[in-house]
Amino acid sequence: MLVMTLIYLIGPITCCLINVIIGKNNKKLIRRSLYLLFAFAVLTYIKTYFNLPSRNLLSIICGTGFWGAIYESIVLSLTTGYFLDEKQYKRIVVTISAFTGILLVGWIGEIHSMMSVKPVWNSISKEYSKSSEAPTFKRNETPVALAPNTVLNRVRKSMSDIPNSQYFDTPDTVQAQYYKGKPVYIIPLQYSGFFAMNKAKEIPGYFVVSATNQNAEPKFVLKPYKYAQSAYFNHDVDRNIYRYNPEWLTMSDPQLEIDNNGTPYWVQTVYKSEAMSHRPNYRKLHVVVMNAQTGNQKTYALNKLPKFIDEGITSDAAASMNKAFGKYKNGFWNFSKTGIIEPTNNGPEDGVTSVFNRDGSISYFTDFTNPNSKADSAMGYSMIDARTGKLTYYKANGIMDSTGAKENANQNYKAQQWKAKMPVLYNVNGRPTWVMTILDSSHAIRGYYYLDAQDQSIYGSGNNPTSALDAFRQALVNDESTAKNTPGSKTKAIKGTVDRVAVISNKNKVMFTLQGNNTVYTVDTDDYNNANLIRPGDSLSFKASVVNGQSIGNVSSFKNDSLK
C-alpha cells in the first residue's frame, strides 16, 4: 500500500520539490507546500488502502497529472498576493500547465485504449461450431441445475444452523463446482457489518448444496476462516490479493471454492494489461488462489491450476469475455454494427449460467441476440470452459433467444404468477430446446419447462426434469411437423396385443402399451373415437411415429381388430 501511495503522490511530491527550489527565500511558500503535501499523503494513503486504485500505467499517468495540477493549484490559491513575487507566480503557473499537459497525455492514451479493441477480440481463445454439435440432453444423465435463487432461499432458511447467526448474512450469488465428483453449490457467509465482524472474529464456515437434487437441503460445513469479501481492513480478500500481487490487475470479484478436504479458497481472475492500455489479453489470464483460513496465496497460469479449481475463469470474467467477443470483431469504428451480437445477460451469475458437463467440467452458457432488432431471435450462443477460458460459439438460425423463451413460459403460469429462470439451450432429439426452471414468488421450485426453440407451440412441463423431458418428447412426437423433422423418428406399421391402457379424458387421448413392448403409444380420440374402447387383450393395427431409443410413440391409421 505504501508503494502505491508513493506512486500516486508523484505529482504532488514533484510540485512540492519545485516549490522548495523556486521559493528558497519564501518560507511561507515552502511551509504551506509541505503542509499540503502531508495532507495529500494522508488522504492518498487512505484512498489507496480502501479504494485499491488501478496499477495500470495509464491510470498512474492520469493520476500524476491530475493530482499534480490540483496540488499546485491549491498552493497557488493559498499563496496568491504578497506571498509570491511575479517570477514565483509564473513558475507555479507553468508547473500547473505542465501537469495539466501530463493529464492530457494520459487522457489521449485512455481514448486510444478505449478505441483500440480489436486486439482484445483477437486474444480470446475461440472456436466456431455448428448448432447440431451443441450439448445433447440425455434422460437421467444430463443434470439440470437448481436455480441459484432457490438455493439461496433454502440457505437463508437454514441460517439458524450456524452459531451466532445474527452476525452473518448470505451473498446474492452461489459458486458452482464439483466436490468429490458431485455437482454442488458453495455458499459462503458474509459479515452483516463492521461491528458484527468485531464480535464474531471469524466466519464459522460455509454451506454446501447439491446442485442437481431438486429436494436438496443445505448442509453447513464448520470450517472457520478469517479472510472474506465482507471482512474489513487486512482481512479483506480484495485488499490482500491487491497487496501481494502488484504486477497483476483484477478483472473479477473473488469466488469461494473448496478442495477435497473442504478447505475454502478464494479464487480471482487476474491479468496484465498491455503497455499504455487497459486491454486484457485473454490468452494470458492468470488465477490467484488464496487460502481463506491462512491468507496464503499463489498465482497460477490457467494450464497449471490445482485440480479442485473448477472456475478459474470467474463468472464476471466470462461475462466480460462474452461482451468483447460479441462487440469487437470488427473493431471500434463499426458504426453500422456489422457482425455485432449482444449477450442477453439472462444468466443468474453476472449474465452467465454455470452448466455442469457430463465429463465433470463446468462451462458458462450465454446466448446472443441481434442488437439492431427488437425481435426475440437468437443469433447463437457460447459455452466458455471455466478452467481453460476457451470460448466455443454455436451459430443458431430461426430460434428464439432466452428472453423470448422466458416470456413464453411465463405466459403459461400467468395465473399463478410463477416465473421461468435459468434458461439453457440443449438439443433434445436433435431439436434446439430451452430448458427452464419454474419458480414461485418465494423462489421455491414449482416445476420444469422444456420449450422447442423453433416452435413455441411445442413444450413440455413436469414436476421434475425427467417428467418434463418425457412430456416434451411426447409433444415432439405428437406434432406431425416436428416428428417428421426429428432425427431418428420413423413411422412404423405395428401390430400387437394390448397390455395396459390409460384414458386421459381431459386431453382426449388414450395411452397404451403392447405385450412384449415397453413403448407407450398415444392415440388421439378426436381422430379415432373407438380408441376409447381399447381394453387389455385387444388386437390392434396401427402406424406410429417413434423416435429411436425412446419409449414413446404417436399413433396414426388406428384400427382395433378386436372390435367387430
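Here, residue 1 is the first one in the sequence, and each next residue gets the next number. Please read all numbers here as calculations on a predicted model, not as lab measurements. Scope of the values below: all heavy atoms of this structure, side chains included, with no hydrogens, waters or symmetry mates.
- Not counting sequence neighbours, Phe99 has no partner by the ring pair (Phe, Tyr, Trp, His ring centres under 6.0 Å) test.
- Considering all non-hydrogen atoms of both residues, Val117 and Gly331 come closest at CG2-C, 3.8 Å.
- Looking at heavy atoms from C-beta onward, Pro148 lies out of side-chain contact with Thr173 at the 4.5 angstrom threshold.
- The side chain to side chain donor-acceptor pair (under 3.5 Å) pairs that include a residue from residues 196-223 number zero, where partners must be two or more places apart or lie in different chains.
- The two atoms that bring Asn260 and Tyr179 nearest to each other are O-OH, 3.7 Å, heavy atoms only.
- Leu9 has its side chain out of reach of Trp67: every pair of non-hydrogen atoms, C-beta onward, lies at least 4.5 Å apart.
- Phe332 pairs by the ring pair (Phe, Tyr, Trp, His ring centres under 6.0 Å) definition with nothing, not counting sequence neighbours.
- Contact record, Leu103 with Cys62: CD1-O, 3.4 Å, taken as the closest heavy-atom pair.
- In terms of the side chain to side chain contact (heavy atoms under 4.5 Å, CB included) criterion, residue partners of Ala145 (sequence neighbours excluded) are, by chain and number, Tyr185, Phe356, Met422.
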Derivation of the side chain to side chain contact (heavy atoms under 4.5 Å, CB included) call for Tyr393 and Ile341: CA-CA 12 Å; Tyr393 181 73; Ile341 52 178; 3.6 Å; yes
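- Residues Trp434 and Asp367 form a side-chain contact, since some pair of their non-hydrogen atoms from C-beta on lies under 4.5 Å apart.
- Using a 4.5 Å cut-off on side-chain heavy atoms (C-beta onward), Pro171 and Pro188 make contact.
- Annotation: Gln166, atom CD; neighbour count of heavy atoms from other residues, nucleotides and ligands within 6.0 Å is above 12.
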side-chain hydrogen bond (donor to acceptor under 3.5 Å, both in side chains) evaluation trace for Asp401 with Thr344: CA-CA 8 Å; Asp401 62 23; Thr344 59; over 6 Å; no
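- Screening residues 31-52 for side chain to side chain donor-acceptor pair (under 3.5 Å), with sequence neighbours left out, gives Asn19-Ser33, Tyr49-Asn234.
- Ser363 pairs in a side-chain hydrogen bond (donor to acceptor under 3.5 Å, both in side chains) with only one of the listed residues (Thr353, Asp385, Asn357, Thr392), which is Asn357.
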Between side-chain atoms of residues 438-447 and protein atoms elsewhere (two or more places apart, or another chain), which donor-acceptor pairs fall under 3.5 Å?
from	atom 1	to	atom 2	distance (Å)
Asp440	OD1	Ser442	N	2.9
Asp440	OD1	Ser442	OG	2.8
Asp440	OD1	His443	N	3.1
Asp440	OD1	Ala444	N	2.9
Asp440	OD2	Arg446	NE	3.0
Asp440	OD2	Arg446	NH2	3.2

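- Residues meeting the side chain to side chain contact (heavy atoms under 4.5 Å, CB included) test with Met114, sequence neighbours left out: none.
- Relative ring orientation between Tyr71 and Phe40 is described as perpendicular, the plane-to-plane angle rising above 60° on a 0-90° scale split at 30° and 60°.
- Once rounded to the nearest 0.5 Å, the distance linking CG of Asp236 with CD1 of Ile241 reads 9.0 Å.
- Remark: Ser315 OG to Ile362 CD1 distance equals 11.0 Å, nearest 0.5 Å.
- Enclosure of atom CG in Asn463 is not indicated, since only 12 or fewer non-hydrogen atoms of other residues, nucleotides or ligands lie within 6.0 angstrom.
- Ring pair Phe365/Tyr381 is tilted by interplanar angle, where 30° to 60° counts as tilted.
- Under the side chain to side chain contact (heavy atoms under 4.5 Å, CB included) criterion, Val105 pairs with no residue, sequence neighbours left out.
- Inter-residue side-chain proximity for Met251 and Leu285 is flagged as met; some heavy-atom pair is nearer than 4.5 Å.
- Note: His278 NE2 to Ser54 OG = 6.0 Å, rounded to the nearest 0.5 Å.
- With sequence neighbours excluded, the residues forming a side chain to side chain contact (heavy atoms under 4.5 Å, CB included) with Ile18 are Thr14, Ile22, Thr95, listed by chain and number.
- Counted by atom type alone, Ser361 and Arg387 present zero donor-acceptor pairs between their side chains at under 3.5 Å.
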Show me, pair by pair, the donor-acceptor contacts under 3.5 angstrom made by side chains of residues 299-312, not counting sequence neighbours?
from	atom 1	to	atom 2	distance (Å)
Thr299	OG1	Asn245	OD1	2.7
Asp310	OD2	Tyr178	N	2.8
Glu311	OE1	Gln175	NE2	2.9
Glu311	OE1	Gln255	NE2	3.2
Glu311	OE1	Tyr364	OH	2.9
Glu311	OE2	Ser354	OG	2.9

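- Under the ring pair (Phe, Tyr, Trp, His ring centres under 6.0 Å) criterion, Tyr8 pairs with no residue, sequence neighbours left out.
- Taking 4.5 Å as the limit, some side-chain heavy atom of Met290 sits within range of a side-chain heavy atom of Val237.
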Leu256 and Tyr225: CA distance, side-chain angles, deciding distance, side chain to side chain contact (heavy atoms under 4.5 Å, CB included) verdict: CA-CA 12 Å; Leu256 190 76; Tyr225 55 95; 4.1 Å; yes
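- Between Asp253 and Thr314 there is no side-chain heavy-atom pair separated by less than 4.5 Å.
- Here CZ of Arg283 is found 9.5 Å from CD1 of Ile124. Values are rounded to the nearest 0.5 Å.
- Thr250 OG1 to Tyr271 OH: the interatomic distance, rounded to the nearest 0.5 Å, is 7.5 Å.
- Among all heavy-atom pairs drawn from Thr5 and Ala41, the shortest one is CG2-O, 4.1 Å.
- Considering only heavy atoms from C-beta on, Pro264 comes within 4.5 Å of Gln293 through its side chain.
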Asp238 and Gln229: CA distance, side-chain angles, deciding distance, side chain to side chain contact (heavy atoms under 4.5 Å, CB included) verdict: CA-CA 7 Å; Asp238 294 279; Gln229 274 191 286; 3.8 Å; yes
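- Side-chain contact check for Tyr282 and Ser320: at least one donor-acceptor pair (N or O, by modelled atom type) lies under 3.5 Å.
- Sorted by first and then second residue, the salt bridge (Lys or Arg N to Asp or Glu O under 4.0 Å) pairs with a member in residues 144-160 read Arg156-Asp172; sequence neighbours excluded.
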